[in-house]
Amino acid sequence: MSEYKPADIEPKWQEYWLNNKTFRTDHNDRERPKFYVLDMFPYPSSAGLHVGHPEGYTATDILARYKRMNGYNVLHPIGWDAFGLPAEQYAIKTGTHPRDTTNQNIDGFRRQLQALGFSYDWDREVNTTDPAYYRWTQWIFLKLYEQGLAYEASVPVNWCPELGTVLANEEVIDGKSEVGGFPVERKPMRQWMLKITAYADRLLDDLNDLDWPESIKEMQRNWIGKSEGANVIFPMKAGTSSVEESIEVFTTRPDTLFGATYMVLAPEHPLVNRITTGEQKSAIASYRNTAAKKSDLDRTDLNKDKTGVFTGAYAINPVNKEEIPVWIADYVMMSYGTGAIMAVPGHDERDWEFARKYDLPIIEVVKGGDVTKEAYVDSEEGVCVNSANDEVSLNDLPVPKAKKVITKWLEEKDCGTHAVTYKLRDWLFSRQRYWGEPFPVIHVDGKPKPLPEDHLPITLPEMDDFQPTKTGEPPLAKAKDWVNTTDPDTGKPAVRETNTMPQWAGSCWYYLRYISPDYEQGPVDPEMEKYWMPVDLYVGGAEHAVLHLLYARFWHKVLYDIGAVSTKEPFYRLVNQGMILGELEFTAFKDAAGEYVTADRSGLSDELERIKLLEKDVEKRGDRFVIKGTDTVVDARSFKMSKSRGNVINPDDVVAQYGADALRLYEMFMGPLEQVKPWSMQGVEGVYRFLKRVWRLIMDEEFGGVNEAVAHSVNDDGSPAVQPDRAQLKLLHETIKKVTADIEGHRFNTAISALMIFTNEAMKWEVRPVSVLKPFLLILSPFAPHLAEELWAKLGALSGKQANGTDFPSNGPTEDGGTLAHEAWPKYEEALLRADSKTYAVQVNGKVRGQIEIPADRSSEKDFVLDAARNEPGVRRHLEKGNVVKEIFVPNRVINFVVK
RNA sequence: GCCGCCGUGGUGGAAUUGGUAGACACGUUGGACUUAAAAUCCAAUGGGCCUUAAAAGCCCGUGCCGGUUCGAUCCCGGCCGGCGGUACCA
């Protein structure tokens, strides 16, 4: 008995690869071309891997294995992004030290990844929580500080009392914490900030050089949010305020200045108190109070209904000396631009709405719309009107030209400048948590002071109480012995920084550490860095489109500026794997009376009872599914995998049932890598059957050992007993060609399809030459490495280890002969692909009416082929219906007769 | 609202980017093997028309409507639907 049993062969080969360090990347090998293929390293959660992880990991593993066989020096590492909130939350609940939880989870992840046969160099594993690693995270922070890119500020932050920490804007969703969904309020606190805004332009411009999905680049562009316009200064009307003040606004539409009929300050704007007149004071105070209490969610909810209060003060429009009222309203944000706007209701939708509500004047200054009906916002087509004073006129100028003219005038008059504003804000870089990198900073006499490099790493103190304090002080503040220290320079008493870095810190530079994980003189060995960088391919989920990828680019550019790295960008090529959804679900709906209701996408009320149906209970009707035999439409869709929905697939279960090779193969066979795709257990079954077929292609299930069809192809001494025939060679070389091109193009699904076609054909051969099967195993091996290794060993035993029985030499750095991992990738021969005959499709008026076979050596002779086409019976019948007015001849493909 | 991506059989998806739409796989149906099941193998499988039946043939068909072309899943214009991101950003 010798069936395909992945449970027997997979662990064996995994152990072999580990023990022999088959995939170790040699430090000294820098002659060959390099290929650095990188996975986004995982956060090792207690839940273990989900099937989304192996998707990207399998793709990169296929490429790593393929490139190795093509003679490249491949760097294919993995590690752990292991700081973070879940381990700390768990510690608070159970008292287990986050380090212990983290290490357990890492062990689990490592075991799972190894069980999938990924060809990582396990000697390069990095772990962001390892002091030997975060020593360099801290070092980079010191560099940022030296560059003036790290500073302390008291900023209103998103304070989440429940989690006892502040959150970054991106960790707050709809006014609630992303983790846990707890309410979040604004509270000013002392924080570390990183000046990412100083790099905004470079982060934006250098996107153009990157081979990334356009959608990701666009998201980063939007996130940076660069706008060009002008800052304009509006002096206050004399006497309306106690001091001489002016309001500076940012506008992208300086061309509409003549249409500014009022101004709006953000409620938090510092000028508000100073300009508000006596009788307005109480109204303003109460409005500001309400606004301060509103969360971001509330503010957006009020989207439609704008509110505001008049300050009683007036400003002077610099272009026409008009006195215009100054209001406050919460549709103006303090955090963008200058926190104040000039309102041009004629040409801005928000201002128009506000002006309508409070009866403020609306003036048309750009022709093209009807400002009594709606704001006219077109900035390309419009032409300025009503826009002139004694010195300058914009009238009849198109908008872009008018912007330039008025900006120049403002600059001459000293009441404005050309200005650029970004949506991007400085990066809030500290967290009130225990389980993160400590800052290498002490406070002496209340002032921050960086510690010298030779004090690194600053390790976390041992603690057993990880509970945050109610005041927002970080848990580290409780470690009094650790906190109280002395300044190494002066010996003065000092206190350590008790905030820790956010989780993003460690992942900002890990791709550098893999290059020289044991290097002691810096984050990365400069010699090695020059050889390995940049990363040739980075694969990961689109959820990191903005934050991780923007932060990492920022750090990389800083490291580039100080000469620590040699490339401007870390990742020139990026691919996002698409999310894997749960299995397709059919859901029917019952109303309160228990009657089935047709599923209507728009109005699925929560009142309805949801009934899960099986595939056999439904049928297709038009473009929808209905309950079999009825007209009741059901909802048919796949959902994101989630614990609550109960549709999570655990890779361990798949491996246990079908093996790692089947899981790998299925993940790739589902569809294009970048696409969102639903999981299907039956699909796994399908590729598993394919692997069993490959097994039987070579092995005899009944008697064990290599089957007769294969054994008969060699003599007892291992020499070939038969030569492969032309058809066999043609199929082999076609498959090599297709699989090679598909791997290069990341079309793994169609590569697998080609391997299936080969197998289906080869199963029919009565004699299966080893010299054909061996190259097939080589091209199968990146996809299903365990099975390929096993069968390769069986064929090796059959044909002798010396000659590998193929025309393809071994070229690997390891010569142990026991693995195919370093065999040369087979090359196809064009001559063997040639067919004896070519098939033409023959069309009449664009419709296929027949096919003709033409001997290959005559297939380009137009007259000969056309003649054969005309004589094809199915074609002739249609030609007789009229006169041929045109003949289209596409060599080796198609003929089209146009008949009238 | 804005930005980006995507609509192909019962299902996942192919189609050398303008040249035989539906490769490969799942599912389904029928058959073989088996005491039986599993496994395996063989055949059919987009919808419809014609025909006693088969072969052959014909019509329709890549979200919808139109255009360019000898020929369109592919290019252009206009809609509809789905997914993701983002949102008072001045």
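Quick note on labels: first sequence line is chain A, next is B, and so on, each numbered from 1.
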To the nearest Å, give me how far apart [atom1] ([X]) and [atom2] ([N]) are.
X        : N     : atom1 : atom2 : result
A/Asn749 : B/A15 : CG    : C1'   : 12 Å
A/Gln682 : B/G13 : CD    : C1'   : 16 Å
A/Leu581 : B/G84 : CG    : P     : 9 Å
A/Ile752 : B/C26 : CD1   : C1'   : 15 Å
A/Glu374 : B/G1  : CD    : C1'   : 13 Å
A/Trp223 : B/A87 : CH2   : C1'   : 11 Å
A/Leu691 : B/A25 : CG    : P     : 13 Å
A/Met579 : B/G84 : CE    : P     : 7 Å

Open item on the list: Using a strict threshold of under 4.0 Å (side-chain N to carboxylate O), is an ion pair present between A/Lys730 and A/Glu761?
Closed with: no

Open item on the list: More than 12 heavy atoms of other residues, nucleotides or ligands under 6.0 Å from CG of A/Asn883: yes or no?
Closed with: no

Open item on the list: Just checking A/Glu708: does its CD atom have more than 12 heavy atoms from other residues, nucleotides or ligands closer to it than 6.0 angstrom?
Closed with: no

Side chains of [X] and [Y]: closer than 4.5 Å at any heavy-atom pair?
X        : Y        : answer
A/Leu697 : A/Phe776 : yes
A/Arg696 : A/Tyr4   : no
A/Ser680 : A/Tyr666 : yes
A/Tyr376 : A/Val366 : yes
A/Ile757 : A/Glu734 : no

- [ ] Report the residue (A/Ser753 or A/Arg350) whose heavy-atom-nearest nucleotide on RNA chain B is the more 5′ of the two.
- [x] A/Ser753

TODO: Using heavy atoms to find the nearest nucleotide of RNA chain B for A/Glu349 and A/Ala754 separately, return the residue whose nucleotide is more 5′.
DONE: A/Glu349

- [ ] Output all residues satisfying side-chain hydrogen bond (donor to acceptor under 3.5 Å, both in side chains) with A/Lys357, sequence neighbours left out; order by chain, then residue number.
- [x] A/Asp305

Open item on the list: Protein within reach of the bases, or only the backbone? For nucleotides 54-59 of chain B, mark each nucleotide 5' to 3' as B, S or -, using heavy atoms under 4.0 Å.
Closed with: ---SSS

TODO: Spell out protein contact along nucleotides 41-46 of chain B as letters: B when the base is contacted, S when just the sugar-phosphate is, - when no protein heavy atom is under 4.0 Å; keep the 5' to 3' order.
DONE: S-----

Distance between the [atom1] atoms of [N] and [M], in whole angstroms?
N     : M     : atom1 : answer
B/G82 : B/G27 : C1'   : 24 Å
B/C24 : B/U8  : C1'   : 15 Å
B/U17 : B/C88 : C1'   : 43 Å
B/A87 : B/C2  : C1'   : 8 Å
B/C65 : B/C6  : P     : 22 Å
B/A21 : B/U34 : C1'   : 41 Å
B/G13 : B/U68 : C1'   : 30 Å
B/G66 : B/C83 : C1'   : 27 Å

Could you give the side-chain donor-acceptor pairs of residues 739-753 of chain A under 3.5 Å, partners two or more places apart or in another chain?
from, atom 1, to, atom 2, distance (Å)
A/Thr740, OG1, A/Ile736, O, 2.6
A/Thr740, OG1, A/Trp825, NE1, 3.0
A/Asp742, OD1, A/Arg747, NE, 3.1
A/Asp742, OD1, A/Arg747, NH2, 3.3
A/Asp742, OD2, A/Lys738, NZ, 3.2
A/Asp742, OD2, A/Thr750, OG1, 2.9
A/Asp742, OD2, A/Ala751, N, 3.2
A/Glu744, OE2, A/Tyr66, OH, 2.6
A/Arg747, NH2, A/Ala741, O, 3.2
A/Thr750, OG1, A/Arg747, O, 3.1

- [ ] Choose from B/U11, B/C88, B/A23 the nucleotide whose nearest atom is closest to any side-chain atom of A/Lys306.
- [x] B/C88

Open item on the list: Heavy atoms from C-beta onward define the side chain here; which of B/A25, B/G13, B/A90 lies closest to that of A/Phe669?
Closed with: B/A25

Classify [X] by what it touches in the nucleic acid, base, sugar-phosphate, or nothing, heavy-atom distance under 4.0 Å.
X        : result
A/Asn760 : sugar-phosphate
A/Ser335 : nothing
A/Thr252 : sugar-phosphate
A/Gly686 : sugar-phosphate
A/Pro213 : nothing

Partner set under side chain to side chain contact (heavy atoms under 4.5 Å, CB included) for [X], not counting sequence neighbours:
X        : value
A/Val309 : A/Gln280, A/Ala283, A/Ile284, A/Tyr287, A/Ile328
A/Lys226 : A/Asp201, A/Leu204, A/Val420, A/Tyr422
A/Ser215 : A/Pro213
A/Ala355 : A/Tyr262, A/Pro345, A/Leu360, A/Ile362

- [ ] Could you check if the base of B/G71 is syn or anti? Syn means the glycosidic torsion is within 90 degrees of 0.
- [x] anti

What N/O pairs connect the protein and nucleotides 68-70 of chain B at under 3.5 Å? Give each pair on its own line.
from, atom 1, to, atom 2, distance (Å)
B/C70, OP1, A/Lys886, NZ, 3.3
B/C70, O2', A/Asn896, ND2, 3.1
B/C70, O2, A/Asn896, ND2, 2.5

Task: Base-paired stems that RNA chain B participates in, counting runs of 3 or more Watson-Crick or G-U pairs under 3.5 Å - done: B:1-7 with B:80-86, B:10-12 with B:24-26, B:27-32 with B:40-45, B:46-49 with B:57-60, B:63-67 with B:75-79

Any donor-acceptor pair under 3.5 Å linking the side-chain atoms of [Y] with those of [X]?
X        : Y        : result
A/Glu667 : A/Thr58  : no
A/His548 : A/Glu543 : no
A/Thr417 : A/Asn231 : no

Restricting both atoms to N or O, compile the protein contacts to nucleotides 3-9 of chain B shorter than 3.5 Å, with distance only.
none

TODO: Hey, could you give me each pair passing side chain to side chain donor-acceptor pair (under 3.5 Å) that has a residue in residues 668-678 of chain A? Not counting sequence neighbours.
DONE: A/Glu55-A/Lys677

TODO: Kindly assign one of parallel, tilted or perpendicular to the pair A/Trp327 and A/Tyr358, based on the angle between their ring planes and the thresholds 30° and 60°.
DONE: tilted

Open item on the list: Less than 4.0 angstrom between a side-chain N/O of A/Thr421 and OP1 or OP2 of B/C89, yes or no?
Closed with: no

